[in-house]
Amino acid sequence: MNILIFGPNGSGKGTQGELVKQKYNLAHIESGAIFREHIGGGTELGKKAKAFIDRGDLVPDDITIPMVLDTLQSKGANGWLLDGFPRNMVQAEKLWDALQAKNIKLDYVIEIKLDREIARNRIMGRRLCKNNNNHPNNIFIDPIKPNGDKCRVCGGDLSTRADDQDEAAINKRHDIYYNTENGTLAAAYFYKKLAAEGKTKYIELDGAGSIDSIKETLLSQLA
Ligand code: AMP
């Protein structure tokens with residue numbers, strides 16, 4: 001099964017993605033995480049991408065698109081959940097063209113909807129577990145509050161992402177996400193239109209609910 005997931009930063013997209021990934025045994029391909037691995041490993045690509053990421057800007061398409069398409073090819077043969085890509089119209093079209101060219105079916109596109117202000121608060125409360133990026137911890141969300149200053153799932157040390165604590169960078173990321181002309185929502189609506197033509201299936205979820213209720217609605221809609 002191949003799935004695209006959209007949602008503003010802070011919508012719980014990573015958490016839901018992890019659940020879907022486990023259920024269907026998919027490769028979870030997250031463009032932001034691939035960039036962070038490159039930065040951590042000190043690669044050339046990481047060095048080029050870092051300044052854009054720190055500012056909350058998109059990394060240019062000529063770096064991002066080949067990186068993601070290569071990862072889909074190398075890690076996605078048995079099904080994938082693609083998260084964080086596409087984020088603009090060029091990426092949306094290039095991905096669709098690449099899938100068509102290889103006869104790869106896009107089974108579902110998921111959109112988690114969330115009000116911009118709620119998303120901003122959730123981001124600022126987010127804490128990252130050193131052991132697993134997808135252990136949910138957020139100081140502003142009661143059901144996933146950390147255990148003191150440790151991960152509520154595994155007790156690991158927690159940290160914040162620099163770009164999560166910078167309001168200007170968050171605003172920039174949301175400007176990109178909520179832009180329906182050429183931003184990420186434009187990319188999502190590109191697939192919504194394809195779904196209306198029967199070429200994929202589009203699932204819309206209300207991100208304001210609890211993790212469990214969103215999960216239940218989501219899993220009931222996936223075959
Ligand atoms: P994320 O972890 O998805 O919030 O991504 C972190 C950062 O990586 C973003 O703010 C962008 O700078 C960069 N990034 C991730 N995905 C993309 C993409 N599809 N296109 C361009 N830049 C991206």
Side-chain angles (χ1 to χ4, degrees), residues 3-18 21 27-41 43 45-72 75-76 80-99 106 109-112 114 116 119-129 132-138 159-179 182-191 207:
I3 304 178
L4 268 187
I5 187 164
F6 289 98
N9 298 106
S11 66
K13 173 171 60 81
T15 307
Q16 297 300 333
E18 183 67 15
K21 173 208 134 170
H28 192 180
I29 297 174
E30 297 178 71
S31 48
I34 306 173
F35 281 127
R36 284 188 287 280
E37 273 168 34
H38 276 280
I39 292 171
T43 68
L45 193 155
K47 282 179 202 156
K48 282 189 200 155
K50 186 171 186 311
F52 295 97
I53 292 174
D54 286 347
R55 285 198 304 267
D57 286 329
L58 289 187
V59 178
D61 286 341
D62 60 338
I63 300 174
T64 307
I65 294 173
M67 179 188 84
V68 172
L69 295 183
D70 286 352
T71 310
L72 278 182
K75 298 198 176 148
W80 41 261
L81 174 78
L82 182 54
D83 180 345
F85 182 98
R87 264 167 147 106
N88 62 30
M89 281 305 281
V90 174
Q91 294 181 4
E93 285 167 356
K94 292 273 188 219
L95 174 66
W96 182 248
D97 290 348
L99 297 178
L106 177 61
V109 179
I110 299 165
E111 183 198 345
I112 304 184
L114 190 65
R116 183 167 173 161
R120 184 188 61 107
N121 289 340
R122 285 193 182 175
I123 293 174
M124 299 201 71
R126 185 154 69 182
R127 297 294 177 266
L128 283 189
C129 172
N132 185 330
N133 235 348
N134 288 303
H135 283 170
N137 288 275
N138 194 307
S159 64
T160 54
R161 265 167 54 180
D163 54 348
D164 276 354
Q165 299 304 308
D166 177 341
E167 268 200 90
I170 293 171
N171 272 331
K172 225 187 244 183
R173 277 148 74 192
H174 280 163
D175 282 346
I176 295 166
Y177 185 83
Y178 289 97
N179 178 344
N182 185 34
T184 309
L185 277 182
Y189 297 163
F190 171 86
Y191 290 97

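Just so it is clear, the structure is predicted and the values come from calculations on it, not from any experiment. All ligand and atom numbering here is 1-based and tracks the order in the structure.
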Practice task
Tell me whether the guanidinium CZ or amine NZ of R87 lies under 6.0 angstrom from the six-membered ring centre of F85 and within 45° of its axis.
Solution key: no
Handout entry: Pair K75 + D70: basic N to acidic O under 4.0 Å
Key = no
Exercise for the section: Grab the two heavy atoms, one from S31 and one from G84, that are nearest each other, plus how far apart they are. Expected result: OG-O, 2.9 Å
Problem - First-shell residues of ligand 1 [heavy atom, distance under 4.0 Å] - result: N9, S31, G32, F35, R36, I53, D57, L58, V59, T64, G84, F85, R87, Q91, R161, R173
Handout entry: Check ion pair D164-R173 (N to O, under 4.0 angstrom)
Key = yes
Exercise for the section: Check the side chains of H28 and D83 for a donor-acceptor pair under 3.5 angstrom, ignoring hydrogens and angles. Expected result: yes
Handout entry: Heavy atoms from other residues, nucleotides or ligands near NZ of K94 exceed 12 (cutoff 6.0 Å)
Key = no
